[in-house]
Protein chains: 2
Amino acid sequence: MTKSDPKSSPAVSDPEAGFELETFLPFLLNRAAEVTSQAFQPAYREGFGLTRSQWRVLAITGHYGAITARDICTIAHEEKSKISRAVSALTESGHLQKALGETDKRTEVLSLTEKGTTLFETLGQSALQFDRTLRAAFTPEKEAQFRALLSDLEAALAECSNQEDI
Amino acid sequence: MTKSDPKSSPAVSDPEAGFELETFLPFLLNRAAEVTSQAFQPAYREGFGLTRSQWRVLAITGHYGAITARDICTIAHEEKSKISRAVSALTESGHLQKALGETDKRTEVLSLTEKGTTLFETLGQSALQFDRTLRAAFTPEKEAQFRALLSDLEAALAECSNQEDI
DNA sequence: ACAAAACGGTTGCACCCACAACCATTTTGA
DNA sequence: TCAAAATGGTTGTGGGTGCAACCGTTTTGT
C-alpha cells in the first residue's frame, strides 16, 4: 500500500536550525484536533444530523445549564456568529429554547428543551464511551498529564497575547 | 447546574458520573488548536493573504521538498479537495509549481518556486519566533513533554480506529 | 441627564469547505 | 490480455464560516 511513507519526519533536527514543521505547535494541534474530532463526529452527525458547532453548543448548554450565547463563545473560544447560527438551528430543531434576559434585555438565556436534554444524555453517553476507549489506548496517566499540559498551554497563550497584545 | 462564572469548570468531578465537557478531549483539542492557530494567523494572512490551508501546504512543501498532493493529505490529515484548491491557489500566485510524475502520470510532483521559497523562509522565521515566544511562556520541558504526548495520542487514536473500524 | 461608547446578538456577503461525482491513469486478477 | 477495481487529482454544489456592518439595549463619562 504505502510507497515511501511520508509520515516519518526528518529526524527531529536541532530546533535552532530552521523552521521545523513537525514540531510546530499550531500544526500539531490542528492535526490532533482534526483526527480526534473526526473520530467522534459520527456520533452526533449520523442519525442526528448535528454540526460540530451544534454539538458543542448542545454539550455546553447541557453541561452548564442556563447560559447565554456570549458565555458559550468565551467557553468555546468561538466566533459569536458561529454560535448564533448554531443556536438558531438547535432552536429550530426543538432542542434549545431562548428566554429573554431579565436583568439585561440584550441577552437571551439558553436552555435545553426536553428533547434537547434527551439528546444531550444520549450523546453524552457516546462521549463517555469514546473517552473510555481512547483512555484505554492512551493510558489514564498520560491522559491526565496531557490534559494538565493542555491547560497550561492555554494559559501560556493567553499570557502571550496579553503581553504583545494587538 | 451552576450558572455563575462559566469559566470555572465544575471541579473535575469523578469521571464515572456523567459526561464531563471540560475533560472531553475533542473539545479541549479543538479549543487549543483554535486559539493557537488564531495566534499565528496574522503572520501569513496579513500582508501575504494566505489561507490557513495554503500556509500549511507551503510549509509542508517547503519542509519535505518535492512532494505529491496525496502525501500532503496524509501528512496533514486533510481532505484532498482542500489540498487541491490550496495547491491551485499557490500555483496561481506563483509560489508553487507542478511537474507531471515520471513513473506515475496521475501524480503531480509539487515544489516551491523561488518566490515560494522566499515566502517559506520568511514565514518560517515568523514561525520560529512564534515558537520561541510560546516556549518562553510554556517552559521547554513542558513543551517537549506535550509534544511526546501528542504523538502518543495520535498513535492511540490510530489504534482505536483500526480496531473498531467502521 | 444625555450623548457617546460598549455590548449582546443577528445578518449580508464573500469565501472556504466537505462530500460526492467525475476523469485519467494504473493496478489487479482471472 | 483486458475488464473491473483502485488511485491521484479536479470540480460542481450545497452548506458552514469569518468578517464587518448593523440593531437594540446598557453602561460610561461628563
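Order of the sequence lines fixes the chain letters, A, B, ..., with proteins taken first and strands second; residue numbering starts at 1 for each chain.
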Peer 1: Give a yes/no on whether any side-chain N or O of A:T107 is located under 4.0 angstrom from OP1 or OP2 of C:dG8.
Peer 2: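 No, no such contact exists.
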Peer 1: Classify the ring geometry of A:W55 against B:F24: parallel below 30°, tilted from 30° to 60°, perpendicular beyond 60°.
Peer 2: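 Rings of A:W55 and B:F24: perpendicular, over 60°.
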Peer 1: Does the side chain of A:L134 reach to within under 4.5 Å of the side chain of B:L153, using non-hydrogen atoms?
Peer 2: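 In short, these two side chains touch, coming nearer than 4.5 Å.
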Peer 1: Please list, chain by chain and in numerical order, all residues satisfying side-chain hydrogen bond (donor to acceptor under 3.5 Å, both in side chains) with B:S88, sequence neighbours excluded.
Peer 2: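 With sequence neighbours excluded, B:S88 shows a side-chain hydrogen bond (donor to acceptor under 3.5 Å, both in side chains) to no residue whatsoever.
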Peer 1: With sequence neighbours excluded, tell me which residues meet side-chain hydrogen bond (donor to acceptor under 3.5 Å, both in side chains) with A:R106.
Peer 2: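 side-chain hydrogen bond (donor to acceptor under 3.5 Å, both in side chains) check on A:R106 returns A:D104.
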Peer 1: Could you state the CD1-P distance from B:I83 to D:dT7, rounded to the nearest angstrom?
Peer 2: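 Atom CD1 in B:I83 sits about 19 Å away from atom P in D:dT7.
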Peer 1: For nucleotides 14-25 of chain D, read 5' to 3', which letter fits each nucleotide if B means a protein heavy atom sits under 4.0 Å from the base, S means only the sugar-phosphate is that close, and - means neither?
Peer 2: ---BBB----BB
Peer 1: Rounded to whole Å, how long is the line connecting atom CD of A:E108 with atom C1' of C:dT10?
Peer 2: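 Interatomic distance, CD of A:E108 to C1' of C:dT10: 10 Å.
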Peer 1: May I ask you to decide if B:V87's main-chain N or O and B:K98's side chain share a donor-acceptor pair within less than 3.5 Å?
Peer 2: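 Absent.
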Peer 1: So if I take the C1' atoms of five pairs at each end of the helix from C:dA1-D:dT30 to C:dA30-D:dT1 and get each local axis, what angle do the two axes make, rounded to 10 degrees?
Peer 2: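 Both end axes considered, the difference amounts to 30°.
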Peer 1: Using a cut-off of less than 4.0 Å, is there contact between a side-chain N or O of B:T68 and OP1 or OP2 of D:dG8?
Peer 2: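 Answer is no, no contact under 4.0 Å.
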Peer 1: Between A:R85 and A:E79, is there a salt bridge with N-O shorter than 4.0 Å?
Peer 2: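 Judged by the 4.0 Å cut-off on N to carboxylate O distance, A:E79 and A:R85 do not form a salt bridge.
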Peer 1: Would you mind reading off the distance between B:I72 atom CD1 and D:dG9 atom C1', rounded to a whole angstrom?
Peer 2: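 The distance from CD1 of B:I72 to C1' of D:dG9 comes to 12 Å, rounded to the nearest Å.
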Peer 1: Nearest whole angstrom, please: distance from the C1' of D:dT7 to the CG of B:D71.
Peer 2: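 B:D71 atom CG is separated from D:dT7 atom C1' by 13 Å.
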Peer 1: Could you tell me which residues satisfy salt bridge (Lys or Arg N to Asp or Glu O under 4.0 Å) with B:R147, sequence neighbours excluded, listed by chain and number?
Peer 2: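 Partners of B:R147 by the salt bridge (Lys or Arg N to Asp or Glu O under 4.0 Å) criterion, ordered by chain and then number, come out as B:D131, B:E143.
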Peer 1: Using the side-chain hydrogen bond (donor to acceptor under 3.5 Å, both in side chains) criterion, which residues pair with B:S111? Sequence neighbours excluded.
Peer 2: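 Partners of B:S111 by the side-chain hydrogen bond (donor to acceptor under 3.5 Å, both in side chains) criterion, ordered by chain and then number, come out as B:Q97.
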